[in-house]
Amino acid sequence: MKVILIGPPGSGKGTQAMMLKERYGAAHISSGEVLRREAARGSELGSRIAVFMARGEIGPVELITEAILTHIDEQAPSGFILDGFPRTLYQAEELGKRHDIDAAIFIDVPETVIVDRILGRRTCGGCGAIFHVRTNPPAREGVCDICGAPLTVRGDDNEETVMNRIRVYKDETVPLLDFYGAAGLLRTVDGNGGADEILSRIEAALPRA
Ligand code: AMP
C-alpha cells in the first residue's frame with residue numbers, strides 16, 4: 001500500500017496515519033516528525049529548517065524533499081502511509097518519479113474546525129501519539145496513555161503560526177488535489193466527526209488489494 005494523506009493542518013492526518021498503521025501494519029512516515037527530529041538533533045538540515053518550521057513555512061524545498069525521499073527509501077521502500085508529504089507540486093512530482101502511488105486521500109475539514117483542533121492538540125514527546133484537551137483527553141492530564149511520556153504543545157501549534165500554516169496549505173498544497181485528481185488517484189473523505197468514524201471512511205476509500 002502506497003497511500004498519501006492530504007489535508008489542512010489539524011485535519012487529523014497524523015491520527016489517521018497512526019490508526020492505519022496499527023490496523024494494516026503499514027509504515028507511517030510523517031514528514032513533520034522527521035523534520036522535528038532533525039531539528040532536535042541539531043543536524044545541519046535540522047538547524048536550517050527549525051526556523052521555517054517555527055513560522056509554519058516550507059523552507060528549502062529541494063533539501064527537504066531529498067531528506068524525506070531518502071527516509072522513505074531507508075524505512076519504507078515498498079509501502080507507506082505518508083502524512084505531510086508531499087506538500088507541494090514539486091514534492092509530488094519528485095515522489096512520483098520514484099513511487100507509484102495507489103491513492104491520495106484528501107481529508108476535508110472546514111477551517112473553523114482545524115483551528116480548534118490545533119490549539120487543543122497535545123502531542124506525546126515519546127511516541128508521537130496525538131491527544132486533544134477536550135475531544136480526546138489522556139486518562140492522566142499531561143501524560144501519554146500509550147507510552148507514559150509527557151505530553152507537549154508543539155512549538156508551531158499557536159494562533160499566529162496556525163494562520164500562516166493554513167495560508168501555506170492553501171497556496172502550496174491545495175494544487176495537489178488537481179494533480180492527483182487528474183491522475184485518477186484522489187479520494188475525498190469527510191474529515192468531520194470522531195477519529196473512528198473518519199477511519200471507516202478512509203478504509204472505504206482505499207483501493208482494494
Ligand atoms: P506537520 O507536522 O505536518 O504539521 O508539519 C510541521 C512543519 O514541518 C510544517 O509547518 C513545515 O514547516 C514542516 N514540514 C512538514 N512537512 C513538510 C514538507 N513535506 N515540506 C516542507 N516542510 C514540511
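Counting convention: from 1, in listed order, for ligands and their atoms alike. Fair warning: this is a prediction, and the values are worked out from it, not measured in the lab. Values reported hereafter were calculated over all heavy atoms of this structure, with side chains retained and with hydrogens, waters and symmetry mates removed.
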Top protein contact for atom 17 (C) of ligand 1, by heavy-atom distance:
Arg87 CD, 3.5 Å
Residue pair Glu38 / Ser43, side-chain donor-acceptor N/O under 3.5 Å
yes
Distance from atom 4 (O) of ligand 1 to nearest protein heavy atom, with residue and atom
Arg154 NH2, 2.9 Å
Would you mind running through ligand 1 and noting each atom that sits below 4.0 Å from a heavy atom of Gly84?
16 (N), 17 (C), 18 (C), 19 (N)
Side-chain donor-acceptor pair present, Asn158, Thr161, cut-off under 3.5 Å
yes
shortest atom 11 (C) of ligand 1-to-protein heavy-atom contact is with Glu57 O, 3.4 Å
Give the residue and atom name of whichever protein heavy atom lies nearest to atom 20 (N) of ligand 1, and the separation in Å to one decimal.
Gln91 NE2, 3.0 Å
Quick one: does ligand 1 sit under 4.0 Å from the side chain of Glu33, the backbone, both or neither, non-hydrogen atoms only?
neither
Option among Arg36, Arg122, Arg117, Arg165 that satisfies the salt bridge (Lys or Arg N to Asp or Glu O under 4.0 Å) test with Asp157:
Arg165
Should you measure from each heavy atom of Arg165, which atoms of ligand 1 turn up under 4.0 Å away?
4 (O)
Test log, rule side chain to side chain contact (heavy atoms under 4.5 Å, CB included), inputs Glu172 and Ile58:
CA-CA 9 Å; Glu172 302 286 347; Ile58 295 222; 4.1 Å; yes
Using non-hydrogen atoms of the residue, decide whether Lys13 is closer than 4.0 angstrom to ligand 1.
no
Identity and separation of the nearest protein heavy atom to atom 23 (C) of ligand 1
Leu35 CD1, 3.5 Å
Kindly determine whether Arg134 and Asp116 satisfy salt bridge (Lys or Arg N to Asp or Glu O under 4.0 Å), including the steps that lead there.
CA-CA 10 Å; Arg134 203 182 62 257; Asp116 173 71; 3.1 Å; yes
I need the minimum non-hydrogen distance between Cys127 and Cys124, along with the two atoms involved.
N-SG, 3.2 Å
Side chains of Glu111 and Tyr169: donor-acceptor distance under 3.5 Å anywhere?
no
Atoms of ligand 1 under 4.0 Å from any heavy atom of Gly32, numbered from 1 in the order shown, are 2 (O), 5 (O), 15 (C), 16 (N)
Just going by heavy-atom distances, which of Arg55, Met53, Arg36 is nearest to atom 8 (O) of ligand 1?
Met53
Do Arg98 and Asp73 sit within salt-bridge range, that is, some charged N less than 4.0 Å from a carboxylate O?
yes
Closest protein heavy atom to atom 16 (N) of ligand 1, given as residue, atom name and distance to 0.1 Å
Ser31 OG, 2.7 Å
So, taking the atom named CD1 in Ile118 and the one named CZ in Arg154, what distance separates them when rounded to the nearest 0.5 Å?
7.5 Å
For ligand 1, does Asp83 get within less than 4.0 Å through its side chain, its backbone, both, or neither, judged by non-hydrogen atoms?
neither
To the nearest 0.5 Å, tell me how far Ile81 CD1 sits from Lys21 NZ.
9.0 Å
Check contact between Gly56 and ligand 1, using heavy atoms of the residue and a distance below 4.0 angstrom.
yes
Atom 22 (N) of ligand 1 has as its nearest protein heavy atom Ile58 O, 3.6 Å
